[in-house]
Amino acid sequence: MSGSLAQEKPNIIVIVSDDAGYADFSFQSDKLTATPNIDRIAHEGVKFTNAYVTASVCSPSRAGLLSGINQPEFGHIYNYIKGVTYSIDQDEYGLPHNVKMIGEYLQPLGYATAAFGKWHEGFAEEFQPQQKGFDHFWGFLWGSNHYHTGKAIDVIDDGRPVDSNTIPYMTDAITDEALDFATQNTDTPFFLYMAYNAVHSPLEAKPEHLEMFKGKFPSDPKRDILAAMTYSLDENIGKVFDQLETIGELENTIIFFINDNGGSKHISANNSPLKGYKGQLYEGGIRVPFAVRWPGKIKRETVCHSITSSLDILPSILDAVGYSKRNLEGKSVLELINKTQEQDHRELYWHTSQYNGAVRSGQWKLIVNKDSHELYNLKEDLSEKNNLIEHNPQQFLKMKEKYDQWLAQLPHPYFVPTSGKNAWVSGVGD
């Protein structure tokens, strides 16, 4: 059994999937494959139907999640990806040192903290996880990797290179490393950041899983592979539940599950009924599956329609551990589940490139582009089919003014793409 400190404070696990479609987990729809273990988080806790991330691509989105700060507010709006030249060198890229991450709040409270899998928040030692609030890191620093044994590149274990021939299928490896850490730290509360690269490209599934889904989507064979990769991800979430039960910590552990951005068109993710994909500011680029299991605090089968953000994860964690000193934009999910959709007038903002951004205010959403704008009533038009600017000029002007005021107080991006693919675009690559 756990020591007294672990009993007083809950363990916390934040699970992040990568590039998955809005409709590609079965607690969302039946369009891909059953995901009973991921669904369990929602069924034994809360499913959020109105959840967003702070960016439509990986690195800035994760920066917002890990810091609890909308990342344009510290100048991070672009994806840092291979094949692009930026205004800063690779070793200069990382979250500013005055921006605290989740682990930096939890370490002083006695938590054992660890990150596993995809980092994508800095390469030089000063920006790596162990300098940003994590006692331990096993994973890779870039935004994507291969999955099969012998193919993964640049995997490190607390800074030491890992022989790729010793790594099982990457999704399994991330889980195994995380559960090993949890098992070794049952005498203290633990925080696990489990950042899977599944189901990000390349599309690489286990042969036995491929065989299970072969021919399921004859018009789009990529969906067969995606289903197999999603099955593996769900299988691994099942391992998390099993091991927490084995070590007697399941009912003392809060589990968050979220996708990092909208589903990627490149891997044939399905974002139905939403419009758009990863890299875009339509709902399909920024609205994501999100569920939280919080024993003793959130009732089973709760469904929350309040506007929710990945910015709410850190405030929820601080709420759970009794950390009273916080000055963050987000809200605790415990507060959000007590609201109704009709009462929710929350505002969220996005700034994703030199010319592009968005604001959601209650049921209204404005997308700001260089040469044109789009206004949607999401309560009546979730699929963003009808641009209402001409019919609602006052609503447009009101929201545009709010966006411009927010934009005016942002710092200049601390790095920008200067050449290569996706220059001056919020990169959709690695």
Side-chain angles (χ1 to χ4, degrees), residues 1-16 38 40-48 51 53-54 62 64-69 100-116 132-135 178-179 181-182 185-195 237 240-241 243-245 247-258 290-304 306-339 346:
M1 296 295 291
S2 303
S4 59
L5 183 59
Q7 292 297 328
E8 292 172 5
K9 295 186 183 299
N11 307 306
I12 300 158
I13 302 177
V14 174
I15 300 170
V16 182
I38 295 172
R40 184 176 174 184
I41 300 170
H43 294 325
E44 296 182 2
V46 56
K47 168 186 173 178
F48 294 93
V53 286
T54 56
R62 292 159 190 264
L65 186 159
L66 286 165
S67 68
I69 300 172
K100 292 175 66 173
M101 289 190 174
I102 297 173
E104 293 175 279
Y105 289 91
L106 296 179
Q107 282 179 325
L109 301 179
Y111 274 78
T113 61
F116 303 91
K132 306 298 287 185
F134 294 97
D135 300 321
L179 295 182
F181 181 88
N185 286 279
T186 54
D187 290 334
T188 61
F190 54 78
F191 166 57
L192 309 181
Y193 173 58
M194 299 179 65
I237 305 308
V240 173
F241 274 103
Q243 188 63 12
L244 288 174
E245 287 185 315
I247 63 177
E249 293 290 348
L250 180 59
E251 296 310 304
N252 191 41
T253 301
I254 304 169
I255 303 175
F256 297 84
F257 177 85
I258 195 167
F290 182 35
V292 182
R293 184 184 187 273
W294 191 337
K297 293 291 186 179
I298 298 177
K299 295 179 181 179
R300 295 174 59 97
E301 304 291 351
T302 297
V303 178
C304 178
S306 295
I307 297 174
T308 314
S309 170
S310 55
L311 296 178
D312 301 327
I313 291 176
L314 177 53
S316 301
I317 290 171
L318 298 182
D319 186 11
V321 302
Y323 190 101
S324 59
K325 295 180 181 180
R326 64 178 180 88
N327 183 24
L328 298 167
E329 174 186 333
K331 305 175 183 294
S332 171
V333 296
L334 297 183
E335 177 184 354
L336 292 165
I337 61 177
N338 293 318
K339 291 185 176 182
R346 187 176 186 182

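We count residues from 1, following the sequence as given.
Distance CG/Leu334 to CG/Asp319: 5.0 Å, rounded to 0.5 Å. Between the CG atom of Leu106 and the OH atom of Tyr193 there is a distance of 14.0 Å, given to the nearest 0.5 Å. To the nearest 0.5 Å, atom CD1 of residue Ile337 and atom CD1 of residue Ile298 are 5.0 Å apart. Here the NZ atom belonging to Lys297 is positioned 12.0 Å from the OG atom belonging to Ser316, to the nearest 0.5 angstrom. Interatomic distance, Leu179 CG to Leu192 CG, rounded to the nearest 0.5 Å: 7.5 Å. Considering OH of Tyr111 and CG of Asn185, their distance stands at 12.5 Å, rounded to 0.5 Å.
Nearest heavy-atom pair across Leu250 and Glu245 is CD2-CG, 3.3 Å. Among all heavy-atom pairs drawn from Trp294 and Ala320, the shortest one is CZ2-CB, 3.3 Å. The nearest pair of heavy atoms linking Pro189 to Pro10 is CB-O, 4.2 Å. Counting all heavy atoms, side chain and backbone alike, Gly68 lies closest to Leu328 at O-CD2, 3.7 Å. Contact between Thr188 and Ala112 at its shortest, heavy atoms only, is OG1-CB, 3.7 Å.
Contact of the Asn11 side chain with the Ile13 side chain is not registered, since no non-hydrogen atoms from C-beta on lie closer than 4.5 Å. Taking the side chain as every heavy atom from C-beta outward, Phe191 and Val14 approach each other to under 4.5 Å. At least one side-chain heavy atom of Val292 sits less than 4.5 Å from a side-chain heavy atom of Ile254. Side-chain contact between Met194 and Val240 is present, with at least one heavy-atom pair separated by less than 4.5 Å. Looking at Thr54 and Leu311, their side chains come closer than 4.5 Å, going by heavy atoms from C-beta outward. Val321 has its side chain within reach of Ile12: a pair of non-hydrogen atoms, C-beta onward, lies under 4.5 Å apart.
The number of heavy atoms from other shown groups lying within 6.0 Å of NZ (Lys100) is above 12.
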* **Trace of the side chain to side chain contact (heavy atoms under 4.5 Å, CB included) decision for Glu44 with Ile255** => CA-CA 10 Å; Glu44 296 182 2; Ile255 303 175; over 6 Å; no

* To do: Please report the C-alpha distance between Leu336 and Val46 in whole Å, then the side-chain angles of each, then the deciding distance to 0.1 Å, and finally whether the side chain to side chain contact (heavy atoms under 4.5 Å, CB included) criterion is met.
  => CA-CA 11 Å; Leu336 292 165; Val46 56; over 6 Å; no

* To do: Under the side chain to side chain contact (heavy atoms under 4.5 Å, CB included) rule, what do Val53 and Ile258 come out as? Steps first, then yes or no, please.
  => CA-CA 9 Å; Val53 286; Ile258 195 167; 4.1 Å; yes

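Of the possible donor and acceptor atoms, one in the side chain of Thr113 sits under 3.5 Å from a partner among the backbone N and O of Asp135. Ser310 places no side-chain N or O within 3.5 Å of a backbone atom of Leu65 that could act as its donor or acceptor partner. With hydrogens and angles ignored, the 3.5 Å screen pairs a side-chain donor or acceptor of Asp312 with a backbone N or O of Lys331. Without hydrogens or angle criteria, Gln107 side chain to Glu104 main chain gives no donor-acceptor distance under 3.5 Å.
Phe290 and Phe48 have parallel rings, their planes meeting at less than 30° on a 0 to 90° scale where 60° marks the start of perpendicular.
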